[in-house]
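So you know, we letter chains A, B, ... as the sequences are listed, proteins then strands, and number each from 1.
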Amino acid sequence: MVLARAGQREPFGFRPCRLNRLRPLQSRIFEATFSISDSASNLTAMAKSAAAPFRADPTPPKFPALEEEILAFWKQNGIYEKSLERRADAPPFVFFEGPPTANGMPHPGHCLTRAIKDVFPRYKTMRGFRCERKAGWDTHGLPVEVEVGKELGIHSKEEIENYGIEPFIHKCQQSVWRYMQQWQRLTERLGFWVDLEKAYVTYHQSYVESVWWSLKNLFDRGLLYQGHKIVWWWAQGGTALSSGEVGQGYREVADPSVYVLFPLVDQPNDSDAQRSLLVWTTTPWTLPSNMYAAVHPELDYTLVRDSESGEEIYMASALVTKIAEKSKREFETVETCKGTDLIGLRYTPPFDGYKSSTGDPLGELVQPDGDQKTLHHFWRVVEADFVTTDSGSGIVHQAAAFGEVDYEVYDRERRRFVEGQQPQLLCAVGPDGKFVEAVSDDLIGVWVKDADKPLSRLLKERGLMFLQEQYLHDYPFCWRADQDPLIQYPRESWFIRTTKFRDLMLKNNSQIGWQPEHIRDGRFGNFLESNVDWALSRERYWGTPLPIWVCQETGRMEAIGSYDELLAKPGISGTEVWEQAKAADPALVDDLRVHKPYIDEVTYESPFAAGARMKRVSEVIDCWYDSGAMPFAQWGWPHNGDTEFKSQFPADFISEAIDQTRGWFYSQLAIATMLFGEGASISEDGYASAPSELTKTDADYPLPFRNCIVLGLMLSQWWEALDDDGKKIIALEESETKQHKGKKFTKQIGKMSKSLRNYRSPEEIFDRYGADALRWYLFANQAPWNSIIYAEQSIKDSIPEFLLRLWNTYSFFSIYAAIDGFDPCAAVDFDDQLSPASLASAPKYRPAAERSEIDRWILSELQQTIAKVIERMDALDNYNACQAISSLLDGLSNWFVRRSRDRFWASDKESQDKHDAYWTLYETLIQLTKLAAPFTPFLADSLWKRLTEPFAGKVLESVHLCDYPTSDDSVIDVELSESMRLLREIASLGRAARAAEKLKVRLPLSEVTVILTDDSKIGWLQNHDALVREELNVKAVHYTTEGDQYVQYTVVPNFKRLGPKVGKQVPAVKKALGEADGNELLAALQSKGVVSISLGDSAIELDSEDIEVRLKAKEGWAAAQGLGSVVVLNTEVTPELQREGIAKDLVRAIQNQRKAIECEYTDRIEVSIDAADDQVAEAIKEHGALIGGETLADTLQAGTLEGVESVDSEHGAVYVRKVTG
RNA sequence: GGGCGUGUAGCUCAGUUGGUUAGAGCGCGUCCCUGAUAAGGACGAGGUCCCAGAUUCGAGUUCUGGCACGCCCA
């Protein structure tokens, strides 16, 4: 049928094809008379009406094109802005945008985060909240520098400095916007409503100044301090490498593995033997910097006597045999002990360089151990959890300067001593990787890796080298100079004392609603538990400069909280460097004045020493600090934006992927905990605390976000094969693999890879299927915290599964509404969002309670769905919200519409039932459109425009300006839902029984009998059996509970109820019920209300709630069984029924032939049938009118049609010819 | 090596305080419908719920120990 071709939107009423059907048909042979069909009279009325309010919209849309239209509409009419204006005075729902970096291309993973970040604000806005959505961009950091470095073909810091920091910074500033357009396009095209124009940018001066303010705050409270950080260091290049860079340079090498004797200082009195620790290390060059020897407190250790030398040696018990074998010695056990027993023992260090220069210093303990108030700084046995017996000796050499875990041990030890008496870090190596401290005079200036051999020789000479071997392991080399091994090396670094806030961070964390919940006590909670101080500084160029100025004479420091504060300092100088640069190049953005190198030039008079200058330290800060400061820095607070900040903190909702656990989730929490609420009053001893305005009570101040959805990773799915040249062929859909004949493809799931091109770009997805398809896929297919497979086919599938289904339901409505001229404007009191209550003003609008069952049913389902969606969305559960919407759409499309077709086609245009049907469908579509709006905003708005077209501008122009529907409990009828569910089950069982008996639906049957376990719903079912009769093509339906002849009753326990009641007797009850006669039990239950079961000596009474009656169809019936019902078919086919079935078969055969000869839907035909037997001829005679009417046949004769090819049907040859002229 | 997570139909995923016939979509098979028609629909097949043990009247669900995979950190 062609009602209107694609793009045509003409009113339906004048379609000539309908009017043709007015002409009665005469069948010459069978003399059937035709009455004017119902539909024809309907059309007559239609033809006379003026242009209908609705236009038939039968063609499925091209969703991408439709979305582009909607995008243009939103833009032109400022819909997003209007949606905010409407909520100007509403309570806030605060959303924080975690800033992405725009110097890389956006990829599918960003679609997920941006879609989730859109759906909840949209929902909350419709629910009546003011949800501002300020975009943001993360612009600082090493990735930006690397990107610029690639462009310039340079890598090292030295090269950058040769190139010039000033032009390098300019390049960085420009580079961060490289993919801005793509980002903006993605954001917009996906339908992510966010204010890009007022986006915060981390390099902006106001942002930097907010960060400065916060750092000054921390500095003034004594929480910002200098210390050491162990980094992977490229000694030859003089720079630290990021973990990513280090990861690139691993390769397998052979390194020495040495077991060294550390003689114990306090030897036992009762023995002359020398006692030593057997200490293991794989880096002999770090031995001169030895500070401790570490044991695991829980491990067993054995003191052995070397039978050859008589020495007594401690080692892990588990390793005694292994070490004896390796060293070819014989050991006898002297004694065994736990690691804890060794802790505190003192030894002589392997090299005495430090001992001779520093002596053996003592320090005062913070917490004295009994009488012991002091402790030696170095050369003691300490405990460490990381010691294992996998290799080595179970006692590990500790050189804190050259290992991160070693440094942690040192740091722990250091804190045991009072301030000023703490041990220094022993480091015998300079930043160039060469020895500086005298181990032996020969070694000064020797590169560490060249020192292993001479050091080993020295140890041997002194009898301390117990065992030496080689072992293979992966070790990092510099990725730019692959002969240069990296070493771990301590660098001066700035730290924030976050450990002081650990408990408070945990407390704040406990207030956060994490989705999924396990993040709180799992990954994030554990991370907080093991909190270490935040290493803040970076020896780089493009980042927020650390705002600390140092007195060049005294070394005393102060922090600066804003640029103006800096300018107000006495004797300021150096600002002219920026002014000159700006004058030379007016295009420079002003924000650069607070960046390197300009800010480094600004100095002022020292308040600490007359005549001295204050100069900034050289470092910039970790860009994670930037992002974590966004809650206030996005407003430039506290220098600006006081109102905004106070109304927009803390956030109600944020979302990012799980990789942000240690990133943005942590940086936000840490910064907010330190600056606001209870944490603001915490300072180091002797330092000021923060202003009291920041220390609001925590009760209404959970920090810094109330809810967070932690998204899973996004993976790709593709098919892979090798072509003849051994190159990979990638197919993104399974169907694509068929283009490569003879190639064997294997399905792959894994990370997305730009080089492999194993995923479809978001832009292509939008062009092929549209943003709504992608969004629906992301929202409705799995809980968002599971890893999501970005599979093209699955995205494509969301079109038929949801989008097209919704569209087709609307399309059905539009076709019939056009035919009947249904006009919703009859509701004169309509409000601007067509709320159901306001539509009630239409003359033919009846309250739901007065409408037919199926109307009440779908309206009840609608209200239940609304309640469910709201409940789920308020719990940030988009998945189950979508499931509820899907399920409603299924009910609407597959039951309400299907079972209401006749009502829409009915001839009496003014019948109340027809109006009920329209109002029901219209209201449901309107509400469904609103429900879907946050999820599929394009389709929803497109439907809204079409559904509200008759109101011509008198209602809200976009669905996104509407209020979200609220549930009307008075319309909910749970019992009706239950009854309808049973009715649908009966229909389904009937179809199954038919299929099993090979009785196709076209063959009418005389009756079905439905056996139920109880009679509570029989009355209702009888009133609605027309639905079942039509659905199953039967003449009659009988309902009964007396089904003994058809079914066997069995009684099973209701375990949920019986379990708590009878406990351990459950199996006995089950057995007794199983053995009893079901029919008798049922009879007893019906007459007395209870059944009695004997269990050995005792008896137990069970009521109808305790047990459940089940039915099982007996053999020999055409039956199908469900949980509480059995449907039995009467399979007797009378000649009458047979003939009716034959007629329907013929209709189908003729219709197929119409299609085969390419008839338009309106074409008239001539039909001849060469009947196979008398029965067929009889059927044609009896049902000729039906056949002719259905197939638009002008003539229907027996025999053949000359010049026409016949088609065989089981009832004879069928000839069909188009009537021309 | 440590932490966290995941493991359910051919595939992708749901599965409520533990309740005895474990669900959906896709795919597959069979079929229906032909006035939503370049649509729509039904029915069916398909499961050792990763393995082992424990708790319990009862375990996909709780506990313990494994295995596999993924992520983060070493």
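A:Y879 comes within 4.0 angstrom of sugar-phosphate atoms only, judged by non-hydrogen atoms across all strands, and of no base. Residue-level contact check: A:T809 touches the bases, meaning some heavy atom is under 4.0 Å from a base atom. Using a 4.0 Å heavy-atom criterion, one finds that A:I795 contacts no nucleic acid atom at all. Among the atoms of the strands shown, base atoms are found under 4.0 Å from some heavy atom of A:R901. Nucleic acid contact for A:V897: base, since at least one base atom lies under 4.0 Å from a heavy atom of the residue.
Classification of A:E404 and A:K229 as a salt-bridged pair fails, no side-chain N sitting under 4.0 Å from a carboxylate O. Salt bridge A:R984/A:E1031: absent, no basic N to carboxylate O contact under 4.0 Å.
Nucleotides B:rC50 and B:rU8 place their P atoms 6 Å apart, quoted to the nearest Å. Here the separation of B:rG18 from B:rU37, taken at their P atoms, is 49 Å to the nearest Å. For the C1' atoms, the distance from B:rG7 to B:rA52 is 16 Å, rounded to whole Å. For B:rC49 and B:rG60, the C1' atoms lie 5 Å apart once the distance is rounded to whole Å. With both ends at atom C1', the span from B:rU20 to B:rG1 equals 43 Å, rounded to whole Å. Rounded to the nearest Å, the gap between the P atom of B:rU48 and that of B:rC4 is 30 Å.
The base of B:rC71 sits within donor-acceptor range of the side chain of A:R523, with an N or O pair under 3.5 Å. Judged by distance alone with a 3.5 Å cut-off, no donor-acceptor contact links the side chain of A:K998 to the base of B:rU30.
Taking the six-membered ring for Trp, A:Y777 and A:Y769 have ring centres at least 6.0 Å apart.
In terms of phosphate contacts, A:K1070 brings no side-chain nitrogen or oxygen within less than 4.0 Å of OP1 or OP2 of B:rG19. For A:N894, a side-chain nitrogen or oxygen approaches OP1 or OP2 of B:rG41 to under 4.0 Å. The phosphate of B:rA39 has neither OP1 nor OP2 within less than 4.0 Å of any side-chain N or O from A:S811. Not one side-chain nitrogen or oxygen of A:R994 sits closer than 4.0 Å to the OP1 or OP2 atom of B:rA42. Between A:Y816 and B:rA36, a side-chain N or O to OP1/OP2 separation shorter than 4.0 Å is present.
The aromatic rings of A:Y666 and A:W534 are tilted relative to each other, their planes meeting at an angle between 30° and 60°.
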Show your reasoning for whether salt bridge (Lys or Arg N to Asp or Glu O under 4.0 Å) applies to A:E985 and A:R981.
CA-CA 6 Å; A:E985 182 185 297; A:R981 196 199 55 72; 3.4 Å; yes
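Nucleotide B:rG58 forms no Watson-Crick or G-U wobble pair with any nucleotide shown, as no partner meets the under 3.5 Å limit on both distances. When both distances must be under 3.5 Å, the Watson-Crick or G-U wobble mate of B:rU16 does not exist. Figure legend. B:rU30 is base-paired to B:rA42; pairs are counted as Watson-Crick or G-U wobble with both atom distances under 3.5 Å.
Listed nucleotides: B:rU12, B:rC13, B:rA74. Nearest to the side chain of A:K747: B:rU12.
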